[in-house]
Amino acid sequence: MAEKTVPLDKDALEKLAERYPTPFYLYDERAIRENARRVQKAFSRFPGYKEHFAVKALPNPYILKILAEEGFGADCSSLPELLLSDMAGIKGGELMFTSNETPSAEYRKAKELGAVINLDDISHIGFLENAAGIPELVSCRYNPGPLKEGNAIIGSPEEAKYGFTRDQLFEGYAMLREKGARRFGLHTMVASNELSPAYHIQTARILFELALEILDKTSVRLEFINLGGGLGIPYRPEQREVSWENLAEGIKQVYDELIAGTPLYPLSIHTEYGRPITGPYGWLVARAVHHKNIYRTYIGLDACMADLMRPALYNAYHHITVSGRENEMASETYDVVGSLCENNDKFAVQRKLPKITTGEKTGDLVIIHDAGAHGRAMGFNYNGKLRCGELLLRTDGSVVRIRRAETADDYFATLDLRGLENF
Ligand SMILES: *Cc1c(COP(=O)(O)O)cnc(C)c1O
């Protein structure tokens, strides 16, 4: 069972809402740090372990700085993500650049920052050479195709756009060496939100076997394997979180079986977890403003899918609690919705919840759980919706704003209005 709690009670949240009107994201620094330490401890079983936090999950430099203090690097997929990581003090080889369909300017910036470039396709070897030159250390992304079953968000690897085929990898590493690369890594990322440890352990096995085959066929001796991200979190209270210890121990057994005692030892292990690093430690806090009774009963929040798109995009479950009513009976059945003009703007459909009071000032605070990854980050401005801000609960109990809410001026900022009057 995954317990669904919030680090601040109703009084504290109401106080916060006076200073920073709802909706807002709230992140818990202490919980993020404690979790990061569990990751580091579990994976310290491996030589040269490095977690490159997937910036796309929570692209805020304050969060990146906290994670960097805990020893994490960053995994970036775009120029702005590289710049954000740089701002947070994450430098050189701490940066992994896993992009696809990459423009040459981004390769140039990645190389200039000393990021480890992870190529998505064999054709990008020549492209990178022209754009920025082949770096000394380079990585390739593997797509296992039919060797690996897929999962709901990424789909089956055979249909996924990412990575090299097996045969292309052998050819690719040989080409890279010929063009001057001297140090090599291997990467894959085949699933998303996958809660089965066995799935991730099997992925590691495929990669370890492949690393040995690459050594055999090309004499390229890989120095790291990046297992990617894709580890799930228990969005539903009845699901169980994956224990970092069990996961790392499972991978270590395969490592000992296949890698220890071979010329590949001490092969480093890297990861790019995003969701399980910050996901459970972020909440979207909104106020219940409207109550509507037609064929169903609707609770209208001041947040909408522009703030958190996962329910609309993936039909994803996010647990909801009502601040101060945690122990009340779930006597009502509601659709909890936002204000966007799309009928899939629903945080919950036919959800059993306690009776909710509504009102612009007096309504209940509704907490949407597990919003700390792929939450605010996926926000958008469709329908003129302005995205909410982000607050950080510090370890000393204070709260700092780490991103303000958008204003209409932000929304208009990209319009060139100088010509409008005489248009
Ligand atoms: C999204 C992504 C990650 C992180 O995935 P999570 O599910 O957030 O852990 C890591 N690596 C790559 C290449 C990704 O695209």
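Here, residue 1 is the first one in the sequence, and each next residue gets the next number. Counting starts at 1 for both ligands and their atoms, in listed order.
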- Looking just at side-chain N and O atoms, do His318 and His369 make a donor-acceptor pair shorter than 3.5 Å? no
- Applying side-chain contact (heavy atoms from CB on, under 4.5 Å), name anything that partners Asn143, two or more places apart in sequence or on another chain.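 Applying side-chain contact (heavy atoms from CB on, under 4.5 Å) to Asn143 gives Pro157, Ala160.
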Taking 4.0 angstrom as the limit, do [X] and [Y] come out as a salt bridge?
| X | Y | answer |
| --- | --- | --- |
| Asp302 | Arg287 | no |
| Lys252 | Asp256 | yes |
| Lys109 | Glu112 | yes |

- Contact residues of ligand 1 (heavy atom under 4.0 Å), by chain and number: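 Residues within 4.0 Å of ligand 1: Ala54, Lys56, Asp75, Thr98, Arg141, Met189, Gly229, Gly230, Glu272, Tyr273, Gly274, Arg275, Pro276, His374.
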- Query: Relative to each other, are the rings of His52 and His270 parallel, tilted or perpendicular (30° and 60° limits)?
  - Reply: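 His52 vs His270 ring planes: tilted.
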